[in-house]
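In this text, all values refer to a predicted model and were calculated from it rather than measured experimentally. Numbers restart at 1 for each chain; the letters A, B, ... are given by sequence-line order, proteins then strands.
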Number of protein chains: 2
Amino acid sequence: MTDNDAISTSERKRGSGVKMVYDLLRDEILDLVLPPGSPIDEVQLAERFKMSRTPIREALVRLAGEGLIDTLPNRSTMVSNIDFLNMHTFFDALVLMYRVTTRLAAQYHRIEDLQVIRGHQAEFAAAVAAQDALAMIATNAAFHSAIADAGRNAYFTGLFNRLLDEGRRILRLYYQSYEDRLPQRFVDEHEDIIAVIAARDTEAADRLATIHAEQIVQQIQKLFARGGKLNIAL
Amino acid sequence: MTDNDAISTSERKRGSGVKMVYDLLRDEILDLVLPPGSPIDEVQLAERFKMSRTPIREALVRLAGEGLIDTLPNRSTMVSNIDFLNMHTFFDALVLMYRVTTRLAAQYHRIEDLQVIRGHQAEFAAAVAAQDALAMIATNAAFHSAIADAGRNAYFTGLFNRLLDEGRRILRLYYQSYEDRLPQRFVDEHEDIIAVIAARDTEAADRLATIHAEQIVQQIQKLFARGGKLNIAL
DNA sequence: TGCATAATTTTTGTCGACAAATAATATGCA
DNA sequence: TGCATATTATTTGTCGACAAAAATTATGCA
């Protein structure tokens with residue numbers, strides 16, 4: 001029960017309510033503020049945001065469309081679970097999208113894209129230097145998302161961003177273990193990836209992205225094998 | 001203005017209205033009964049289905065989430081356009097998903113999956129024999145979708161099904177030219193693909209799927225180059 | 001007491017109505 | 001007549017209320 005996210009009722013612009021609820025709920029789900037299985041109560045949200053149930057429901061329909069919440073008809077709706085049993089399907093998809101988007105970035109990027117990518121890389125390096133695990137997760141995702149954008153294929157960027165979101169949820173479960181030496185290696189690999197993209201070397205981009213992605217996957221799998229404790233209450 | 005799709009108002013079950021509107025609009029969009037750019041009028045739909053605007057709007061939000069309609073705030077909503085300029089991104093994604101899903105099917109399928117796949121292949125062959133172009137499109141999509149299901153990766157099947165839907169819209173524009181000899185070749189290639197899946201030969205599956213997909217892409221691109229006339233009024 | 005059925009409460013899905021935002025039309029003035 | 005402003009009309013977004021479905025609690029009977 002945090003205090004009010006609500007704006008004085010009629011101070012709000014006419015279609016902004018839905019987006020506000022959608023964005024905030026999405027963040028709370030991905031940050032595990034609302035852990036998997038949390039019940040979503042429409043009237044509670046309506047009171048919290050000081051609006052009627054209609055815009056709340058629209059936001060929920062959108063979230064359900066992205067698979068972030070599950071709605072059983074005439075029954076409660078709740079934050080969707082993380083499918084640990086089929087985690088390998090997530091890894092398969094993630095590695096492939098890392099490869100494909102990086103390859104396409106090498107092929108289709110424009111010069112101005114590199115500026116954006118380098119900006120995210122700088123933020124990622126700063127997060128590593130500061131040993132801020134949550135910032136690492138966020139800036140790493142932004143870095144790779146920017147690369148995907150440079151590849152200019154909306155179908156791939158769409159799936160990739162979904163995967164990065166899901167990865168954000170998974171990593172939140174284990175982020176304390178990101179304090180070892182590996183992140184510095186990621187920084188270096190990012191630099192190499194930027195270089196081959198700038199050189200438009202598609203094969204090298206594919207190769208480096210594959211290695212990089214598999215390293216990340218191994219990192220996560222190691223955490224699972226170690227049976228890492230969740231540091232967020234479920 | 002076709003006649004009523006409506007059921008006597010209170011004869012309808014409680015959450016079925018949304019699904020009905022969603023399914024029907026989706027079909028009409030993919031079949032180009034509602035061509036790109038068609039305006040979507042909420043009150044008109046509400047009258048047509050004899051229900052209030054609320055469930056109509058929910059169906060529209062879902063469709064917008066899948067990119068099938070575009071909604072500009074406080075303004076009209078319309079069927080989304082087909083992006084002919086970036087068609088190559090569609091082809092790239094389609095070919096890759098053909099490859100990946102077929103490869104995974106060879107790796108992870110269960111015996112009962114093959115029954116389903118063979119069933120769709122039989123229907124496809126029948127459509128080719130009958131020279132029914134629309135049925136070819138539908139059964140071909142069902143065949144490959146079943147292969148994707150056998151690969152058991154929800155991330156890939158999700159994207160793939162979206163691509164097949166979009167392809168359905170594109171092919172509708174040109175389906176008259178499907179009456180030449182190529183389809184029989186597709187039937188044969190399908191048989192080969194089934195064989196390598198059953199043999200769990202992932203490399204061969206990858207190779208055959210690539211060839212098959214690129215053939216389909218070339219077929220479509222030839223139609224574009226030929227400047228084929230649209231046989232549906234825009 | 002134990003269990004099946006009935007009454008109550010809670011929550012979701014739908015409705016009709018109103019208000020804001022935009023489009024369309026009309027009015028006034030040079 | 002031509003154009004800017006004002007008026008009207010249309011359409012979307014939001015609201016409060018009601019009804020159906022399910023969950024919960026209460027009641028009756030052995």
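A residue-by-residue look at B:Pro55 and A:Ser76 shows that A:Ser76 has its nearest nucleotide of DNA chain C further toward the 5' end. Where B:Pro73 and A:Pro73 each meet DNA chain D at their nearest nucleotide, the meeting point lying more 5' is that of B:Pro73. Take the nearest nucleotide of DNA chain C for B:Asn74 and for B:Thr54: the residue whose nucleotide is more 5' is B:Thr54.
Judged by a 6.0 Å distance limit and a 45° cone about the ring axis, A:Arg152 is not positioned over the six-membered ring of A:Tyr108.
Atom CE of A:Met78 is separated from atom P of C:dT12 by 14 Å (rounded to the nearest Å). A straight line from CZ of B:Arg53 to C1' of D:dC15 spans 12 Å, rounded to a whole angstrom. The distance between atom CG of A:Asp41 and atom P of C:dT11, rounded to the nearest whole Å, is 6 Å. Between A:Leu60 atom CG and C:dT11 atom P there is a gap of 15 Å when expressed in whole angstrom units. Per the geometry, CZ belonging to A:Arg57 stands 14 Å off P belonging to C:dT11, to the nearest Å. As a whole-Å value, the separation of B:Glu58 CD from C:dG13 C1' is 8 Å. We find that CD of A:Glu42 is positioned 16 Å from P of C:dT10, with the value rounded to whole Å. Whole-Å rounding puts the B:Ile56 CD1 to C:dC15 P distance at 9 Å.
Under a 4.0 Å N-O distance rule, the pair A:Arg169/A:Asp165 does not qualify as a salt bridge. Salt bridge A:Arg162/A:Glu66: absent, no basic N to carboxylate O contact under 4.0 Å.
Between A:Ser52 and D:dT14, a side-chain N or O to OP1/OP2 separation shorter than 4.0 Å is absent. The phosphate of C:dT14 has neither OP1 nor OP2 within less than 4.0 Å of any side-chain N or O from B:Arg14.
A distance of 6.0 Å or more separates the ring centres of B:Phe124 and B:His144.
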